[in-house]
Amino acid sequence: MAAPLVTSTVSADAWPALPLEEWKPTYHNLHMWTQIVGKVRLALTPKINHWWNVPLYVNARGLTTSPIPYGRDVFEIQFDFIDHQLVIACGDGARTKLALAPRTVADFYSEFISALHALNIEVKIYPKPVEVPDPVPFAKDNLYSAYDADAAHRFWRILVSCDSVFQQFRARFLGKSSPVHFFWGSFDLAVSRFCGRRAPERPEADSITREAYSHEVISAGWWPGAGLDGPAFYSYTAPEPPGLAKQRVAPASAFYHPDMKEFILTYDDVRSASAPERMLLEFLQSTYEAGATLASWDRAELERPTTT
């Protein structure tokens, strides 16, 4: 399927540099802070397939939970990466703010829970992070007192640019598709497509993984460097069909990572391209086509016809 012309409508800083080594302490803290906030949404919202009730969403100022039901009211929590505040806003007009500033995870956790209590929001969350090696309880995580506002802003700007391209890619698909959402467990922005068939059971997997991969899926996303030396885009098909690793995908710099079992395109390749949005769409489309074709998805039924 040919990719339509995509032109950039944003400023030159839409794809800023974000070297992993420059912001590791802030990266760690933001990962933990988003987990703390995300766990509130997890605790208070009805479970949706593939855990779609738990992610955060990119908006015009940062990342938001979207409205969370609470009793007969709602509240929303937003990471504002422009004014560098965590804003908790309630449907009755009450609101409070916490500064996003250098502090430990333990300090953030304590102040955040206190802020919820001050708004009469009572919620119990699992007090340890998930999807990280050697998890330390939030209340005891004093590893870094860090927050690099410039790095956090660049991180958000990348999410905004990725979100725009992912939304275009999502619009091409007529089958079941996830929203474009930010998973705080793995700290990545992702979008997923499904063909409708159930996947083989994974009896050895934990309950989180079994729910996430209950159906055949092709997922793509961006994350800021976990497991690699820097930020990258990824795409995988689950279950992986035979021969996928040998497929040629676009652009030429993309490659299959045998340990991760994913196609990878480095973020720096995209940001240095003359047309970053076009390159990213080529990666998303070509890796999807490789997986969908080998897995015998009914592409004629699932894909929106192209127009000229």
Side-chain angles (χ1 to χ4, degrees), residues 9-10 14-16 18 27 29-70 73-91 95 97-98 100 108 112 116 121 123 125 129-131 152-173 176-194 208 211-212 217 219-224 226 231 233-234 267 277 280 284:
T9 58
V10 292
W15 303 95
L18 193 66
Y27 180 170
N29 280 7
L30 272 182
H31 190 181
M32 296 301 100
W33 297 354
T34 57
Q35 289 215 14
I36 292 166
V37 169
K39 284 171 182 283
V40 172
R41 186 170 189 232
L42 170 63
L44 295 177
T45 55
K47 181 180 176 180
I48 300 176
N49 51 203
H50 316 298
W51 304 107
W52 290 353
N53 60 303
V54 306
L56 307 179
Y57 305 98
V58 177
N59 71 7
R61 300 193 69 87
L63 287 167
T64 178
T65 59
S66 75
I68 299 172
Y70 189 73
D73 208 340
V74 296
F75 68 97
E76 184 172 353
I77 308 172
Q78 175 178 255
F79 286 89
D80 181 338
F81 294 124
I82 295 177
D83 290 337
H84 300 286
Q85 300 172 333
L86 184 80
V87 182
I88 310 173
C90 300
R95 61 190 285 127
K97 301 176 182 178
L98 278 68
L100 295 178
F108 177 90
F112 174 68
L116 291 178
I121 299 171
V123 58
I125 67 172
V130 295
E131 300 185 53
H153 186 268
R154 283 181 281 134
F155 163 69
W156 166 68
R157 282 299 312 165
I158 296 168
L159 291 180
V160 169
S161 297
C162 292
D163 183 81
S164 177
V165 177
F166 288 2
Q167 296 286 3
Q168 294 180 57
F169 176 66
R170 182 177 186 265
R172 300 174 176 181
F173 198 67
K176 173 182 169 182
S177 179
S178 76
V180 179
H181 45 200
F182 184 83
F183 278 106
W184 38 264
S186 46
F187 207 64
D188 64 325
L189 188 72
V191 63
S192 301
R193 292 175 169 185
F194 299 80
I208 295 175
E211 174 62 32
V217 62
S219 188
W222 176 85
W223 77 112
F233 297 94
Y234 65 82
Y267 171 69
E277 295 88 350
L280 177 52
L284 298 172

J.: Does any part of the side chain of Val58, heavy atoms only, come nearer than 4.5 Å to the side chain of Val180, both counted from C-beta?
T.: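 No - every pair of side-chain heavy atoms lies 4.5 Å or more apart.
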J.: Which heavy atom of Gly38 sits nearest to which heavy atom of Leu56, and what is that distance?
T.: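 Answer, listing the atom of Gly38 first, then Leu56: CA-CD2, 4.5 Å.
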J.: So, taking the atom named CD1 in Ile68 and the one named CG in Asn53, what distance separates them when rounded to the nearest 0.5 Å?
T.: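 So the CD1 of Ile68 and the CG of Asn53 are separated by 10.5 Å.
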J.: Under 4.5 Å between any side-chain heavy atoms of Phe233 and Val165, yes or no?
T.: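 When only atoms from C-beta onward are counted, Val165 and Phe233 do not touch, as no gap falls below 4.5 Å.
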J.: Tell me the closest heavy-atom pair linking Met32 and Pro129, and the distance in Å.
T.: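 That closest heavy-atom pairing would be SD-CB, 3.6 Å.
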J.: Drop me the distance from Thr34's OG1 to Phe183's CZ, to the nearest 0.5 angstrom.
T.: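 Answer rounded to 0.5 Å: 12.5 Å.
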J.: Run the numbers on Phe81 and Val160 for side-chain contact (heavy atoms from CB on, under 4.5 Å), then give the verdict.
T.: CA-CA 12 Å; Phe81 294 124; Val160 169; over 6 Å; no
J.: Between His31 and Tyr27, what is the ring plane arrangement, given parallel below 30°, perpendicular above 60°, and tilted in between?
T.: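 Geometry flag for Tyr27 against His31: tilted rings.
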J.: What pair of heavy atoms forms the shortest contact from Pro179 to Arg170, and how long is it?
T.: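 What the structure gives for the nearest pair is CA-NE, 3.8 Å.
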J.: Is there side-chain contact between Pro55 and Phe182, with at least one heavy-atom pair below 4.5 Å?
T.: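 Side-chain contact under 4.5 Å: no.
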J.: Before you tell me yes or no, could you show the steps for Phe194 and His50 under side-chain contact (heavy atoms from CB on, under 4.5 Å), namely the whole-Å CA-CA distance, both residues' side-chain angles and the distance that decides it to 0.1 Å?
T.: CA-CA 11 Å; Phe194 299 80; His50 316 298; 3.6 Å; yes
J.: Please verify the inter-ring angle class for Trp222 with Phe155; under 30° counts as parallel, over 60° as perpendicular, anything in between as tilted.
T.: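 Ring orientation of Trp222 relative to Phe155: tilted.
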J.: Rounded to the nearest 0.5 Å, what's the gap from CD1 on Ile158 to OH on Tyr267? Could you check?
T.: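 Going from CD1 on Ile158 over to OH on Tyr267, the span is 3.5 Å.
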J.: Hey, does Phe79 have a side-chain heavy atom less than 4.5 Å from the side chain of Val37?
T.: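 Heavy-atom side-chain distance check passes, below 4.5 Å.
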J.: Run the side chain to side chain contact (heavy atoms under 4.5 Å, CB included) test against Arg95 and tell me which residues pass, sequence neighbours left out.
T.: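 Per chain and number, Arg95 pairs via side chain to side chain contact (heavy atoms under 4.5 Å, CB included) with Val87, Ala89, Lys97.
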J.: Please confirm whether the backbone N or O of Gly62 pairs with a side-chain atom of Gln78, one donor and one acceptor, at under 3.5 Å?
T.: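 Judged by distance alone, no pair lies under 3.5 Å.
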J.: Kindly give the heavy-atom pair with the smallest separation between Cys162 and Leu189, and that separation in Å.
T.: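 Heavy atoms of Cys162 and Leu189 come nearest at CB-CD2, 3.8 Å.
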J.: As an exercise, state the distance from CG of Leu42 to OG1 of Thr65, rounded to the nearest 0.5 Å.
T.: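 Reported value, rounded in 0.5 Å steps: 12.5 Å.
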J.: Can you tell me how far the OG atom of Ser219 sits from the CZ atom of Arg193, to the nearest 0.5 Å?
T.: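 Interatomic distance, Ser219 OG to Arg193 CZ, rounded to 0.5 Å: 11.0 Å.
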J.: Less than 4.5 Å apart, side chain to side chain, heavy atoms only: is that true for Phe169 and Leu280?
T.: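 The answer is no; the side chains never approach within 4.5 Å.
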J.: Are the side chains of Lys39 and Trp184 in contact, using a 4.5 Å heavy-atom criterion?
T.: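 Answer yes - side chains close enough.
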J.: Determine whether Phe112 and Ile77 make a side-chain contact, defined as any pair of heavy atoms from C-beta on separated by less than 4.5 Å.
T.: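 Sidechains of Ile77 and Phe112: in contact.
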J.: Given side-chain contact (heavy atoms from CB on, under 4.5 Å), test Phe166 with His181 step by step and report yes or no.
T.: CA-CA 10 Å; Phe166 288 2; His181 45 200; over 6 Å; no
J.: Short question: side chain of Ser177, backbone of Ser192 - any donor-acceptor pair under 3.5 Å?
T.: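 Looks like yes, one N/O pair under 3.5 Å.
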J.: In chain order, what residues pass the side chain to side chain contact (heavy atoms under 4.5 Å, CB included) check against Ser66, with sequence neighbours excluded?
T.: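 In terms of side chain to side chain contact (heavy atoms under 4.5 Å, CB included), with neighbours along the sequence ignored, Ser66 is linked to Arg41, Tyr57.
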J.: Step by step, would you call Tyr70 with Ile121 a side-chain contact (heavy atoms from CB on, under 4.5 Å)?
T.: CA-CA 8 Å; Tyr70 189 73; Ile121 299 171; 4.2 Å; yes
J.: Would you indicate whether the side-chain heavy atoms of Ser178 and Trp52 approach each other to under 4.5 Å?
T.: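 The answer is yes; the side chains approach within 4.5 Å.
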J.: What pair of heavy atoms forms the shortest contact from Val74 to Pro69, and how long is it?
T.: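 Here Val74 and Pro69 meet closest at CG1-CA, 4.1 Å.
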J.: Look only at the side chain of Asp80 and the backbone of Gln85, and say whether a donor-acceptor pair between them is shorter than 3.5 Å.
T.: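 No, because the side chain of Asp80 does not come within donor-acceptor range (under 3.5 Å) of the backbone of Gln85.
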J.: State which residues pass side chain to side chain contact (heavy atoms under 4.5 Å, CB included) with Glu211; sequence neighbours excluded, sorted by chain then number.
T.: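 Expected list: Lys47, Asn49, Trp51.
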J.: How many angstroms lie between atom CG of Leu116 and atom CD1 of Ile88, to the nearest 0.5 angstrom?
T.: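 Leu116 atom CG to Ile88 atom CD1 measures 4.5 Å (nearest 0.5 Å).
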